[in-house]
> 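Provided herewith is a single structure, encoded as structure tokens, for subsequent inquiry.
Below, chain A is the first sequence line, B the second, and so on; all start at residue 1.
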Amino acid sequence: MQRRFDERRHLQESGINPYPCSFEVTGHSRQIIEHFKEDAEEKVSVAGRIMAIRRMGKASFFHIQDSDGRMQIYLKKDEVGDDAYATFKLLDIGDIVGVNGYTFRTRTGEISVHAESFELLCKSLRPIPVAKEKEVEGEKVVFDAFADRELRYRQRYVDLIVNPEVRNTFIKRSAIVSHIRSFFTSQGWLEVETPILQPIYGGAAARPFTTHHNALDMQLYLRIANELYLKRLIVGGFDGVFEFAKDFRNEGIDRFHNPEFTQVELYVAYKDYDWMMRLVEELFQQTAIAVNGTAMTTFLGHEISLEAPFRRLTIADSIREYTGAEIEGKTETELRNLAKDLGLELDPKIGSGKIIDEIFGEFVEPKLIQPTFITDYPTEMSPLAKPHRSKPGLVERFELIAGGKEICNSFSELNDPVIQRQRLEEQASLRQRGDDEAMVVDEDFLRALEYGMPPTAGLGIGIDRLVMLITGEESIRDVIFFPHLKPE
RNA sequence: GAAUGCGUAGCUCAGCUGGUUAGAGCAUCUGCCUUUUAAGCAGAGGGUCGCAGGUUCGAAUCCUGCCGCAUUCACCA
């Protein structure tokens with residue numbers, strides 16, 4: 001590094017600004033290669049980071065990497081002049097340069113740019129961990145790639161420079177988000193923004209991060225969900241609203257959980273959860289095809305098809321199928337015994353809904369590899385969902401499970417303010433008994449419902465997990481640019 | 001929060017039944033080379049072996065504690 005500082009000074013002393021203001025770029029690597037014509041050389045100006053240099057005395061080859069790929073540059077001392085060639089000798093891998101020249105094909109067949117002049121655009125002071133590549137029987141083999149997980153996450157900028165597949169994953173993430181956004185927008189639904197700092201947190205069962213507002217001298221929470229605010233907007237008269245939301249949950253970290261994560265929540269008036277299932281099928285299939293060109297994906301070693309329709313199974317049927325146990329019409333005591341027979345050790349404080357959830361989570365969910373809608377959950381687990389139209393004790397709710405993990409959650413939203421108040425008060429008493437994830441009564445939300453919310457279908461999609469599913473990445477840290485790590 | 005594994009040069013790794021001055025490839029530096037592509041050839045520099053203690057004549061190597069990362073489990077999407 002000291003040497004590079006010296007070079008920086010050396011360049012400055014010889015009148016070269018190592019950090020100029022701009023450079024006129026006329027072409028990018030992939031586009032130049034695609035448009036290349038054998039007998040018509042094209043004038044181009046390209047810019048990028050030097051990734052490899054092969055100097056051969058009075059001529060050199062090097063590769064620059066720009067936003068969409070790599071381009072080889074050929075530089076001859078005769079043509080650029082002695083001074084420029086001397087400057088070139090001071091350049092390092094990692095420096096950013098602009099090159100003016102014309103396209104040609106080398107003796108070995110690589111489409112390249114024959115430089116007529118070049119300009120240093122940024123001196124790099126730290127060596128980048130370059131990996132070398134070689135083609136072996138048509139396959140690219142990478143040698144000594146920058147692979148240390150901790151370094152890759154802490155210095156994602158380096159990871160992105162050096163590992164093209166990482167860059168690709170994030171390009172796909174962006175494509176997934178923009179596809180969902182345009183799908184929703186094209187239905188006429190409104191993209192909105194709601195508070196991240198909330199005086200009362202709600203909409204999910206989770207522990208929040210707390211913070212403090214100095215001027216108001218009050219405690220505030222980072223949202224765990226935005227559900228209750230989006231419903232207020234449906235009360236306000238919008239037919240469809242959605243928000244790509246960063247939510248925050250003060251829970252453990254593992255390869256499926258980051259303390260801040262992204263959900264898109266959607267609420268559509270006059271619809272129910274049945275309609276929402278059809279929407280999710282169509283959305284997921286289209287998104288996968290838009291991003292990967294196919295509805296097939298590989299996740300955790302499984303081939304998964306996102307082709308609609310997805311299997312539908314009530315939670316009771318799913319437990320019957322995977323354990324042989326019957327949960328319908330059972331009392332809490334019977335359910336507890338049943339769980340014990342299956343080998344589950346349960347906290348004696350939990351109620352029947354939670355027991356069913358435990359059985360499901362232990363014996364069913366990990367086995368649901370192909371996308372499956374699990375429907376008709378016990379009321380106790382779902383205080384914001386509408387009672388089922390024909391099955392007492394259940395609500396109109398579904399979760400989409402794929403790859404053994406929950407990807408979506410959806411209900412026909414509860415819009416009866418009287419029942420909603422009862423449910424929230426039940427939550428509050430659970431809270432008093434020590435369940436610190438139970439919900440809090442939000443009087444303003446209840447007031448909104450009392451003005452009247454039309455029948456509404458709601459949906460939340462875990463974007464990080466959907467991106468994992470579609471890209472095949474096996475850790476949430478590989479689909480979040482800057483995953484949470486302890487400080488260095 | 002618990003268990004297991006890992007931490008050696010800028011990067012990828014070897015060395016770890018304790019024993020001269022800790023190695024290799026790439027990267028870096030010097031010299032040669034005007035169509036190379038893991039360019040090549042000749043030479044050189046580069047390390048508080050994660051941190052702190054301990055055992056020992058002697059520790060990268062054995063022991064203890066701490067820090068960080070990964071995986072699994074628990075909580076959760």
> Describe the nucleic acid contact of A:Ala131 in one word from base, sugar-phosphate, nothing, applying a heavy-atom distance below 4.0 Å.
nothing

> Of the options B:A77, B:U35, B:A70, whose atoms approach the side-chain atoms of A:Phe104 most closely?
B:U35

> Just call it for A:Arg70: base, sugar-phosphate, or nothing, with non-hydrogen atoms closer than 4.0 Å on any strand.
nothing

> For B:C32, give its Watson-Crick or G-U wobble partner with both distances under 3.5 Å, or none.
B:G40

> List the residues meeting side-chain hydrogen bond (donor to acceptor under 3.5 Å, both in side chains) with A:Gln427, not counting sequence neighbours, and say none if there are none.
none

> So, taking the atom named CG in A:Leu368 and the one named CD in A:Glu406, what distance separates them when rounded to the nearest 0.5 Å?
12.0 Å

> Touch check for A:Leu485, heavy atoms < 4.0 angstrom, all strands: base, sugar-phosphate only, or nothing?
sugar-phosphate

> Indicate, with a heavy-atom threshold strictly under 4.0 Å, whether A:Asn409 touches base, sugar-phosphate, or nothing.
nothing

> What does nucleotides 42-50 of chain B look like as a protein-contact string, B for base, S for sugar-phosphate only, - for none, at under 4.0 angstrom between heavy atoms?
---------

> Please identify each residue that fulfils side-chain hydrogen bond (donor to acceptor under 3.5 Å, both in side chains) with A:Glu332, with sequence neighbours left out.
none

> For B:U35, does the base pair up with any side-chain atom of A:Arg107 as donor and acceptor (N or O, under 3.5 Å, distance only)?
no

> Please report, rounded to the nearest Å, how far the P atom of B:C33 is from the CZ atom of A:Phe88.
16 Å

> Look through every strand shown and name the nucleotide pairing with B:A27 as Watson-Crick or G-U wobble, where both distances are under 3.5 Å.
none

> Relative to the 5' end of RNA chain B, which residue comes earlier, A:Ala147 or A:Gly109, by the nucleotide with the nearest heavy atom?
A:Ala147

> With C1' as the reference atom in both, quote the distance from B:G25 to B:G40 in angstrom, rounded to an integer.
16 Å

> Does the protein touch nucleotides 3-8 of chain B at the base, only the backbone, or not at all? Give it as B, S and - per nucleotide, heavy atoms under 4.0 Å.
------

> Using the C1' atom in both, what is the distance from B:G23 to B:A60, to the nearest Å?
12 Å

> Side chain of A:Asp92: nearest nucleotide among B:C11, B:C29, B:C69?
B:C29

> In whole Å, what is the span from the CD1 atom of A:Ile50 to the C1' atom of B:U36?
16 Å

> I'd like the C1' distance from B:A74 over to B:U4, given in whole Å.
16 Å

> Between B:C11 atom C1' and A:Ile161 atom CD1, what is the distance in whole Å?
14 Å

> If you look at every strand shown and take non-hydrogen atoms under 4.0 Å, does A:Lys246 touch a base, only sugar-phosphate, or nothing?
nothing

> Should B:C62 form a Watson-Crick or G-U wobble pair with both distances under 3.5 Å, which nucleotide is its partner?
B:G54

> Establish, with yes or no, whether the OP1 or OP2 oxygen of B:G68 is under 4.0 angstrom from a side-chain nitrogen or oxygen of A:Lys486.
yes

> Looking only at the side chain of A:Thr106 (C-beta and beyond, no hydrogens), which of the listed nucleotides B:U35, B:U72, B:U34 gets closest?
B:U35

> Students often get this wrong, so: under 4.0 angstrom with heavy atoms, is A:Tyr85 touching a base, only sugar-phosphate, or nothing?
nothing

> If B:C6 has a Watson-Crick or G-U wobble mate with both distances under 3.5 Å, name it; if not, just say none.
B:G68

> Would you say A:Arg105 places a side-chain N or O within less than 4.0 Å of OP1 or OP2 belonging to B:U36?
no

> Need one value for A:Ile93: base, sugar-phosphate or nothing, where a base atom within 4.0 Å counts as base even if backbone is also close, heavy atoms only.
sugar-phosphate

> Taking the six-membered ring for Trp and the single ring otherwise, decide whether the centroids of A:Phe88 and A:Phe62 are under 6.0 Å apart.
yes

> If the C1' atom of B:C66 is compared with that of B:C57, how far apart are they to the nearest Å?
29 Å

> Under 4.0 Å, heavy atoms only, any strand: does A:Gly462 hit a base, just the sugar-phosphate, or nothing?
nothing

> Rounded to whole angstroms, how far apart are NZ on A:Lys77 and C1' on B:U36?
18 Å

> Measure CG/A:Leu151 against P/B:G10 and give the value in whole Å, please.
11 Å

> Would you say whether A:Phe261 stacks on B:A77? The test is a distance between ring centres of less than 5.5 Å and an angle between planes of less than 30°.
yes

> Side chain of A:Glu358 only, heavy atoms from C-beta on: which candidate in B:A70, B:C75, B:G10 is closest?
B:C75

> Verify the ring-centre separation between A:Phe411 and A:Tyr273: is it less than 6.0 angstrom?
no

> For a quick test of reading the model: is some side-chain N or O of A:Arg154 closer than 4.0 Å to OP1 or OP2 of B:G68?
no

> Quick check: A:Phe170 with A:Phe481 (ring centres under 6.0 Å apart)?
yes

> Remember a base hit wins even if backbone is also touched, and classify A:Asn250 as base, sugar-phosphate or nothing at under 4.0 Å, heavy atoms.
nothing

> Provide the distance between the two P atoms, one in B:G1 and one in B:G10, to the nearest whole Å.
32 Å

> Please determine whether any donor N or O and acceptor N or O are separated by less than 3.5 Å between the side chain of A:Glu110 and the base of B:U35.
no

> Apply the salt bridge (charged side-chain N to carboxylate O under 4.0 Å, His left out) test between A:Lys246 and each candidate in A:Glu260, A:Glu193, A:Glu265; give the one that qualifies.
A:Glu260

> Can you give the donor-acceptor pairs under 3.5 Å from side chains of residues 353-364 of chain A to other protein atoms, not counting sequence neighbours?
none

> Please round to the nearest 0.5 Å and tell me the distance separating atom CZ of A:Arg397 and atom CG of A:Asn409.
4.0 Å

> With sugar-phosphate meaning primed atoms plus P, OP1 and OP2, does A:Arg55 contact a base, only sugar-phosphate, or nothing at under 4.0 Å between heavy atoms?
base

> Mapping A:Glu260 and A:Ser475 onto RNA chain B by nearest heavy atom, which one lands closer to the 5' end?
A:Ser475

> Ring centres of A:Trp189 and A:Phe184 under 6.0 Å apart?
yes

> Verify the contact: side-chain N or O of A:Arg152 to OP1 or OP2 of B:C11, cut-off strictly under 4.0 Å; return yes or no.
no

> Of all residues at least two apart in sequence or in a different chain, which pass the side-chain hydrogen bond (donor to acceptor under 3.5 Å, both in side chains) check with A:Ser29?
A:Asp66, A:Asp68

> We want to know whether A:Gln65 and A:Arg70 form a side-chain donor-acceptor pair, criterion being a heavy-atom distance below 3.5 angstrom.
yes

> Taking the six-membered ring of A:Phe256, is NZ or CZ of A:Lys405 closer than 6.0 Å to its centre and within 45° of its axis?
yes

> With a non-hydrogen cut-off below 4.0 angstrom, is A:Asp464 in contact with a base, only sugar-phosphate, or nothing?
nothing

> Indicate, with a heavy-atom threshold strictly under 4.0 Å, whether A:Ala145 touches base, sugar-phosphate, or nothing.
sugar-phosphate

